[in-house]
There are 2 protein chains.
Amino acid sequence: MSIRHAILGFLSWKPFTGYELKRLFADSLSFHWSGNNNQIYGSLVELHRSGAVSIEVQQQEKLPARKLYTITEEGRAELRAWLLSEPELPAFRSLAHTQLAWAECLSDAELDGLLASYERKLADQAIMCRERMRRSLEETGEAGYAGAGRAEPRRNARERLVWRSIDESQVAFYETELGWTKNLRLRLKELSDEGR
Amino acid sequence: MSIRHAILGFLSWKPFTGYELKRLFADSLSFHWSGNNNQIYGSLVELHRSGAVSIEVQQQEKLPARKLYTITEEGRAELRAWLLSEPELPAFRSLAHTQLAWAECLSDAELDGLLASYERKLADQAIMCRERMRRSLEETGEAGYAGAGRAEPRRNARERLVWRSIDESQVAFYETELGWTKNLRLRLKELSDEGR
DNA sequence: CAAAGCATGTAAGCAGTTACATGATTGT
DNA sequence: ACAATCATGTAACTGCTTACATGCTTTG
């Protein structure tokens, strides 16, 4: 579970419950985990079993007990070790590219329809990301940019720069792919005009 | 299994054995499947069970029997239906970004080391991709560009354009991320120089 | 003689997903 | 009255991965 390290990361800020962690993942732009229950609650059990976190159970009158997880020294050591480990190559996957690859089975119009549909999705996504970033900036003010969806105040300029860059690279990704799609449509159109 | 459709795609060119399909996936730049046995052979069994492919067993004297898979009309219909279905958003995942997100646990030097290591990996990967594309061009000649690692001759200008664009977007992805990394290193350096 | 290629397959496991299950509280 | 928020957890599944298992042939 690679989400294990991301959870330790959040807990390095301050203690959280599973529910809160779930929110943090769901609200974030750049963490690719959906924050589903199985992963969060399962990882927390595992983290506790291996001594990376401690639990404080807070009984509540009517609601289920909150379990507040706090990172331990072992947990911090594990997090640091991971941060210092060799980074992996990033991955770019587009099933739409795979569809495109077999475009010979489609007519010019059908192929352009597929691309148009991809283009629309990308444009929507790019706008949504930009909007979320904008709102995040508004909430906290430029100097306090926390990263889209993450409410914890960033502690210094270095961290703000890093989080902001990460979010920007995410938006840039969609925008680059959008540009690529537009360009391909254009070039395909030129080609079919030539052939006439 | 989304690889199912990619296999149908290859079989739409001509019949292949499992072994050959495995090669096609392993050699390709832009298909993200590793082409491991379990997936290929498993999918082929499944495709046959559902009537999308037919099998011709060719006994060989010393080697194990070759099973040559041919796409059926049902298979072609399934492929076309998938090609016309709504494309999904592409995905960009970088665990390195997650490492970066918790950079507060690292010193300036350690953070720069992480970025330097990421940068090197990306540069190597970009060079490797470019090289593979170049070799693929050499083999087949500009006009016949088949897509890196895929030996089937492309049938017309439209398909060549699409395949080439797909490979280029893959390389551009690594190069964009490389540029992003360099830029972030630079901006972090400026920041730490300011603070002095 | 070792490595790579040809050719099939299986076992075990990891990471991630959706959907289900329960149930009180607060806001529209 | 309905939806959203708080709060925990489980079941079943998909997609993909590495490694194992067998065994012959060709190339360096």
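Computed from a predicted structure; not experimentally measured. So you know, we letter chains A, B, ... as the sequences are listed, proteins then strands, and number each from 1. Both backbone and side-chain heavy atoms feed into the values below; hydrogens, waters and symmetry mates do not.
- Checking C:dG9, C:dG16, D:dC6 against the side-chain heavy atoms of B:Y69 singles out C:dG9 as nearest.
- Rounded to a whole Å, the CD atom of A:E20 is 15 Å from the P atom of D:dT5.
- When the C1' atom of D:dA4 is taken as reference, atom CG of A:D27 falls 14 Å away, rounded to whole Å.
- The phosphate of C:dG16 (OP1 or OP2) has no side-chain N or O of A:S43 nearer than 4.0 angstrom.
- For the residue pair B:R4/B:S50, the side-chain donor-acceptor check at 3.5 Å is satisfied.
- We find that CZ of A:F25 is positioned 15 Å from C1' of C:dT17, with the value rounded to whole Å.
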Only distances under 3.5 Å count here; give the side-chain donor-acceptor pairs of residues 82-90 of chain A to other protein atoms, sequence neighbours excluded, each with its distance to 0.1 Å.
unit_1	atom_1	unit_2	atom_2	d
A:S85	OG	A:W82	O	2.6
A:S85	OG	B:Q99	NE2	3.4
A:E86	OE1	B:K121	NZ	3.2
A:E86	OE2	B:S117	OG	2.8

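- Nucleotide D:dT8 holds its P atom 12 Å from the CD atom of A:Q59, rounded to whole Å.
- In this structure, B:R187 does not pair ionically with B:E190, as no charged nitrogen and carboxylate oxygen lie closer than 4.0 Å.
- The residues B:K189 and B:D193 are annotated as salt-bridged, a charged nitrogen and a carboxylate oxygen being separated by less than 4.0 angstrom.
- Taking side-chain N and O atoms only, B:Y19 has no distance below 4.0 Å to OP1 or OP2 of C:dT8.
- Atom-to-atom, CG of B:L21 to P of C:dA7 comes out at 12 Å; the value is rounded to the nearest Å.
- The side chain to side chain contact (heavy atoms under 4.5 Å, CB included) check on A:E73 picks up A:R76, with sequence neighbours excluded.
- Using a 4.0 Å heavy-atom criterion, one finds that B:G42 contacts no nucleic acid atom at all.
- One finds a salt bridge joining B:R80 and A:E110 here, because a Lys/Arg side-chain nitrogen approaches an Asp/Glu carboxylate oxygen to under 4.0 Å.
- When the P atom of D:dT10 is taken as reference, atom CD of A:E46 falls 14 Å away, rounded to whole Å.
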Tabulate protein N/O versus nucleotide N/O from nucleotides 17-23 of chain D, keeping only pairs under 3.5 Å, one per line.
unit_1	atom_1	unit_2	atom_2	d
D:dT17	OP2	B:S34	N	3.4
D:dT17	OP2	B:S34	OG	2.8
D:dT17	OP2	B:N36	ND2	3.1
D:dT17	OP2	B:Q39	OE1	3.3
D:dT17	O4	B:N38	ND2	3.4

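- Separating the NZ atom of B:K22 from the C1' atom of C:dA7 is a distance of 10 Å, rounded to the nearest angstrom.
- Remark: A:R49 engages A:E46 in a salt bridge, criterion side-chain N to carboxylate O under 4.0 Å.
- Applying the 4.0 Å criterion to OP1 and OP2 of D:dT8, one finds that A:Y41 has a side-chain N or O inside that range.
- If you check every strand for non-hydrogen atoms under 4.0 Å, B:K67 touches sugar and phosphate atoms only.
- The interatomic distance linking A:R66 (CZ) with D:dG9 (C1') rounds to 17 Å, in whole Å.
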